[in-house]
Amino acid sequence: MLKILIYKEWAEVFKNRLVLFTVIFLPLLLGILPLVMLGTMGNVTGESSLNDIPPSALAMCPPALSAGECVQVYLLSQFVLMFMLIPLVIPVSIAAYSIVGEKRVRSLEPLLATPITTWELILAKALAAVIPAVVASWAAFLLFAIGGVAMAASPAVVRAFLHPMWLLAVVVGGPLLALLSVSLALMVSSRVNDPRVAEQLAGVVAVPLLALLFGQMSGFLVLNRNLVLVFLLVLALLDAVMLYFTVRVFDRENILTRWR
Amino acid sequence: MIHIRNLTKRFGDVLAVDDLTLDVAEGEIFGFLGPNGAGKTTTIRMLTALIAPTRGTAQVNGHTLGEDDRRIRQSVGLLTEAPGLYENLSAAYNLRVYAALYGVADAERQIQKYLSMLGLWERRDDPAGTFSKGMKQKLALARALLHEPPVLFLDEPTAALDPEAAHLVRDFIAELRREGRTIFLCTHNLTEAERLCDRVAVFRTRLLVVDTPINLRRGPFGRQVVFHLAEDAAPFVAPVRALPFVDACEAVENKLVLTLDDPEQYNPEIVRRLVALGADIRFVGELRRSLEDVYLRLVHAQNPDL
Ligand SMILES: Nc1ncnc2c1ncn2[C@@H]1O[C@H](COP(=O)(O)OP(=O)(O)OP(=O)(O)O)[C@@H](O)[C@H]1O
Ligand SMILES: [Mg+2]
């Protein structure tokens with residue numbers, strides 16, 4: 001049943017060009033852009049760019065690596081983190097549009113008249129948004145990893161930026177973050193009368209998480225490899241709590257009678 | 001099949017349904033008539049466990065509202081006011097989604113059965129968004145029937161349909177009754193109610209009256225009898241009106257129109273009286289009131305400024 005509901009969501013949502021664009025081109029762009037940046041940066045690798053790196057990050061650089069290699073490792077690692085955050089952005093638009101769609105054709109009433117539980121409904125909508133986002137960001141990451149390996153100055157650099165902890169962050173952290181933003185989007189949409197407002201609000205809620213990314217990039221805050229596990233654990237917990245609350249605040253009556 | 005007790009729904013300051021008590025028997029087509037904003041949709045939403053009543057309760061198919069909501073949803077079919085189809089999905093896929101939601105065992109066969117019955121089988125692979133209003137309504141009806149619910153709630157099934165499509169849908173509803181289903185039909189189409197329903201309720205926030213269409217047409221305002229005279233009827237109005245059992249009497253050219261609650265009993269007395277007054281009676285007949293007339297009187301009696 002979940003499967004058929006998810007397919008239904010996709011068939012409806014991907015007819016929307018904007019959503020399709022977000023899911024396909026955004027990750028593609030983000031997969032290629034870092035490589036281009038890396039390519040141009042590679043030419044100026046030296047003491048000057050070394051100065052731009054926060055000392056805390058440099059300290060983490062394996063002693064065997066040269067300064068130039070350290071810069072590469074640092075940059076590549078930053079981008080790896082970005083791939084974890086792509087799935088944070090994409091699914092919000094899918095989730096919001098799936099609700100806009102239901103509202104537009106007034107299909108929520110017959111849907112809620114079926115014996116479907118709120119859990120099943122939320123889960124189907126969440127998965128329908130999370131799966132494409134995760135697949136798209138993994139594909140983009142694969143593209144990036146292949147490019148990164150090809151451009152890396154030495155095998156040591158590859159080993160450092162494709163460290164198992166970073167991979168874990170992308171492979172596990174991505175979906176967890178996606179789920180987080182989707183349940184946020186769904187929760188907000190179920191409490192707000194206009195689904196478009198819901199999308200914007202959910203976007204606003206995602207801001208602190210994006211701030212984390214920029215904080216990391218500017219060296220303000222360094223999420224190191226050892227913290228990844230803790231981070232993932234906290235995320236998983238947060239997901240469970242958020243999903244629980246999303247189901248709890250999903251007020252069928254309010255949604256049915258207010259959205260017209 | 002449906003037992004409603006003191007069902008009440010309030011939206012903030014708006015009283016949408018006030019203290020509704022009503023029973024619908026198994027196998028009955030029950031017409032729920034009322035003007036716009038009467039609270040018909042609200043009533044249906046409460047009975048299908050979509051919204052919770054402010055007060056009161058109901059039993060649908062043996063399940064109590066608020067206690068067995070999932071069982072209620074599983075055992076009723078609902079045709080909503082708007083078809084609410086997934087417009088990018090094919091007709092068959094729309095039904096497939098609902099078959100899965102209702103846990104229909106023989107999904108594909110059920111889909112074929114109802115699409116064929118409603119004449120949509122040839123168009124099964126076309127997106128629902130390309131359908132005409134009538135076809136969408138039929139598809140929504142098929143969707144409400146997939147799980148073979150014993151109780152069916154239809155919210156204005158023929159509104160916005162052209163006469164031919166409406167006729168087809170009505171025939172289909174009559175067919176469903178022959179299968180023994182209980183049907184709760186909301187409508188403001190009186191001809192439809194009269195043709196289809198075993199009993200009708202006239203409702204406007206409160207229940208105004210419940211009866212068979214035939215009884216409703218006769219009363220609650222008494223029956224009307226017309227005496228056709230050979231001469232002008234005006235001089236006879238006053239003496240006839242003076243009779244104790246005559247509720248109303250008026251003259252229209254050479255016709256005398258009387259309102260009585262039992263014409264069979266009182267007509268001979270009136271005839272004797274008229275003859276004694278020197279009238280030449282050509283013939284006597286009953287004026288059949290239309291359901292519409294009764295409906296309008298009921299609805300207006302409650303709210304005279306309409
Ligand atoms: N969510 C809501 N909030 C406030 N008032 C509401 C809400 N839903 C319905 N109402 C009010 O309740 C009353 C009954 O509405 P309802 O939709 O049940 O009428 P209806 O008989 O189905 O009318 P129609 O023939 O137009 O479909 C109306 O006055 C309506 O404005
Ligand atoms: Mg209505």
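Every heavy atom of this structure was used, including side-chain atoms; hydrogens, water molecules and symmetry mates were not. Each chain gets a letter, A, B and so on, in the order the sequences are listed, and its residues count up from 1.
- For chain A, no part of B:Arg71 is nearby; none of its heavy atoms comes within less than 4.5 Å.
- Neither the backbone nor the side chain of B:Ala140 comes within less than 4.5 Å of any heavy atom in chain A.
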Using a 3.5 Å cut-off and no angle test, enumerate the donor-acceptor pairs between side-chain atoms of residues 29-38 of chain B and protein atoms at least two apart in sequence or in another chain.
none

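- With a 4.5 Å cut-off on non-hydrogen atoms, B:Leu85 touches chain A through its backbone but not through its side chain.
- For the set B:Asn94, B:Thr41, B:Val97, B:Val76, the count of heavy-atom pairs under 4.5 angstrom toward chain A peaks at B:Val97.
- For A:Glu109 and B:Thr80, the side-chain atoms include no donor-acceptor pair closer than 3.5 Å.
- Within 6.0 Å of NE2 on B:His167 lie no more than 12 heavy atoms contributed by other residues, nucleotides or ligands.
- Both the backbone and the side chain of A:Ile4 come within contact range of chain B, with heavy atoms under 4.5 Å apart.
- Only the side chain of B:Tyr93 comes within contact range of chain A, with at least one heavy atom under 4.5 Å from a heavy atom of that chain.
- No more than 12 heavy atoms of other residues, nucleotides or ligands lie within 6.0 Å of OH in A:Tyr7, so this atom counts as exposed by the packing criterion.
- Within a 6.0 Å radius of CZ in B:Phe11, other residues, nucleotides and ligands contribute more than 12 heavy atoms.
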